[in-house]
Amino acid sequence: MVYYGDREGDRGTLLVTKEPSPKEKNMNIQNAKEYIKDTVTIYLKKDEFGDYRIPVVSQRPVFLLGAPGIGKTAIMEQIAAELGIALVSYSMTHHTRQSALGLPVIKEKEYDGDRYSVSEYTMSEIISSIYETMEESGVKEGILFLDEINCVSETLAPSMLQFLQYKVFGKHKVPEGWVIVTAGNPPEFNKSVREFDVVTMDRLKVLEVEADYTTWNKYAKEKGIHGSVLGFLDIHKDYFYHIETTVEGRSYVTARGWEDLSDIISLYEEEGLKVTGALIGQYLRNERIVKEFSAYYDLYVKYMGIYRLEGILRGEPYAQHIEKLKTTGIDEKLTVMGILIDKTKGLIRHVMGEADVLKEIMPSLKNAQNQETIKSLIDAQESIMASKKRAGSLTKDEKNKRRKMKAVYEEILNSFENAEFTGDSSIKGNTETSDNVSLKNVVSSIYNSHVSTLKEEVSEVKSAISHLYGFTAEAFGDESNEMLVLTTELTMSDQAAAFMVTFGSPEYDKYSELLKVTNRNAELQSEIISML
């Protein structure tokens, strides 16, 4: 609960104020991301003279209040990456007054002809990190994100209140161009929480964020969260974020826990290691949920083997699987479809990632003149990754993309240098031997090779989609709920929708039209809006 007035006690008398309505005050993490992104954009807006339209002193820090593990830190990284600015993050529970404000030093100063010893402070570690980030990354604007701001130590609390009001640690101000975003947990989640008084709250933009499975589900599907996690949570939405107090103490399950569990399951499966309840319990701190998810995961693995689901996508015979599905319960049917859809979307994500890399490098390769140009492109990828990493805005997806781009450039450079050394006229061209012409031949050869590989992969994905639609039609029928789920899932996925637009799928087009998925989604949205 956020208090918009001061409570009776040490800080004075409670001032009764009108609180925002639930619709204004509570939001999911995606809403919060867009709100903060808009706020940062406005704060960084300049006038014709290059001055910030809203002076730093008037820029209210954002205070993001929400339960632990719902993704507050993750959205800050996404915002910084999307806006192309830097990010400096600190967890304030790890700071003492000295590390936040700096250490005292004795200076000699003269006043009215007399000399005095005066205490001053070195620069705050937090402020110095901002300057170091600007210097090393070359990015002059950014976000200073201070997490667990309402859980600072007693000795640091007064200085933090001063910082939130005046953007100053000791004598050192936050540089212009840096927007302050803070986050904290409500009192019910952390005994160390300190409530801000009305003077401080009046200088903050307060956002209360709630755990929302629907929003996280969309993020999780695009990110490629393990199918067993998504399948289980689709059945048990109330387990997505779950905190309870038992006789043995407080137990909890958070969005962060599910995402970390997904990553470890994928790695265990790659290595052929067994996923046990003990492993799951390291990420989900609730005994009942651990047992239920363990049982679900075992079924997930069992269905993968019984139905040979990856074989279905490759076009292997599935008549016997259809007969078995007809006699099973709805949960098993949904799980099987969930696995097949998850595997298909994984294939689509890979192909679209490769297509994005080739699209990105094409313009630079067209303008490549010589070896030095290719070397500069390689160096540029390293420089961009290093700069964004130092700025705190390098996402995993962008890092993978930059590495793939760099690998193609290196392949071109190595092939060209090897062709020069061996005098390979088939690559260099047998009529002209200038660097310009021969490099273009190498570029064309390698780029076309990657395009050919991509075409093969696209063909395989289109075939998998075709097999999946064929299986679903035979097992459940053309206008079944399972067919609707399949088509809706592909429609609502950004990557899958982009694949359909770019490469097409006759089966998707057929069932999308037959089931009127777009119209049915619009009708559903209208129904939801009318209920609000």
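Because the structure is a prediction, the values reported are computed rather than measured. When reading the values below, keep in mind they use all heavy atoms of this one structure, side chains included, and skip hydrogens, waters and symmetry mates.
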Legend entry - Parallel, tilted or perpendicular, as decided by the 30° and 60° cut-offs, for the rings of Phe471 and Phe476: perpendicular

Legend entry - Aromatic ring pairing Trp216/Phe240, orientation class (parallel under 30°, perpendicular over 60°, tilted between): tilted

Report yes if the side chains of [X] and [Y] come closer than 4.5 Å at any heavy-atom pair, otherwise no.
X      : Y      : result
Ser137 : Lys388 : no
Met134 : Pro175 : yes
Ile127 : Val174 : yes
Tyr35  : Lys205 : yes
Met304 : Glu310 : yes
Val62  : Val179 : no
Ile412 : Leu377 : no
Ser387 : Val139 : yes

Inset, instruction - Might you work through the side-chain contact (heavy atoms from CB on, under 4.5 Å) test for Asn28 and Asn31, ending with a clear yes or no? - result: CA-CA 5 Å; Asn28 60 47; Asn31 297 147; 3.2 Å; yes

Inset, instruction - Could you walk me through whether Tyr90 and Ser129 pass the side-chain hydrogen bond (donor to acceptor under 3.5 Å, both in side chains) test, one step at a time? - result: CA-CA 10 Å; Tyr90 274 95; Ser129 291; 2.5 Å; yes

Legend entry - ring pair (Phe, Tyr, Trp, His ring centres under 6.0 Å) contacts in which one or both residues fall within residues 485-505, not counting sequence neighbours: Phe499-Phe503

Legend entry - Ionic contact status for Lys333 with Glu482, cut-off 4.0 Å: no

Legend entry - Carboxylate-amine/guanidinium contact Lys223 Asp397, below 4.0 Å: no

Which atom pair, heavy atoms only, marks the closest approach of [X] to [Y]?
X      : Y      : value
Ile446 : Glu411 : CD1-O, 3.5 Å
Lys33  : Ile79  : O-CD1, 3.6 Å
Gly470 : Tyr318 : C-OH, 3.5 Å

For [X] and [Y], indicate whether the former's side chain and the latter's backbone hold a donor-acceptor pair under 3.5 Å.
X      : Y      : answer
Glu222 : Asp494 : yes
Gln59  : Ile54  : yes
Ser452 : Asn448 : yes

Legend entry - Residues in side-chain hydrogen bond (donor to acceptor under 3.5 Å, both in side chains) contact with Glu316, at least two apart in sequence or another chain: Arg308, Arg314

Legend entry - side-chain hydrogen bond (donor to acceptor under 3.5 Å, both in side chains) between Glu141 and Tyr52, intermediate numbers included: CA-CA 12 Å; Glu141 296 180 326; Tyr52 291 102; 2.5 Å; yes

Inset, instruction - Dump the intermediate steps for side-chain contact (heavy atoms from CB on, under 4.5 Å) on Met337 and Val485, then the final yes or no. - result: CA-CA 9 Å; Met337 285 302 300; Val485 168; 5.8 Å; no

Inset, instruction - Measure centre to centre between the rings of Tyr300 and His226, then say whether the value is under 6.0 Å. - result: yes

Inset, instruction - Please say whether more than 12 non-hydrogen atoms of neighbouring residues, nucleotides or ligands are located less than 6.0 Å from NZ in Lys140. - result: yes

Legend entry - Greater than 12 external heavy atoms within 6.0 Å of Lys237's NZ: yes

Legend entry - salt bridge (Lys or Arg N to Asp or Glu O under 4.0 Å), paired with Glu382, selected from Lys399, Arg402, Lys406: Lys406

Inset, instruction - For side-chain hydrogen bond (donor to acceptor under 3.5 Å, both in side chains), just list the numbers for Asn441 and Ser438, CA-CA rounded to whole Å, side-chain angles, deciding distance to a tenth of an Å, and then say yes or no. - result: CA-CA 5 Å; Asn441 288 340; Ser438 58; over 6 Å; no

Legend entry - Distance (rounded to the nearest 0.5 Å) between Asp509 CG and Met500 CE: 8.5 Å

Inset, instruction - Begin from the C-alpha positions of Leu468 and Lys343 and carry the test side-chain contact (heavy atoms from CB on, under 4.5 Å) through to its verdict. - result: CA-CA 10 Å; Leu468 177 54; Lys343 295 294 182 183; over 6 Å; no

Legend entry - Qualifying salt bridge (charged side-chain N to carboxylate O under 4.0 Å, His left out) pairs, either residue in residues 353-372, two or more places apart: Glu354-Lys404, Asp356-Lys401, Glu360-Lys401, Glu372-Lys375

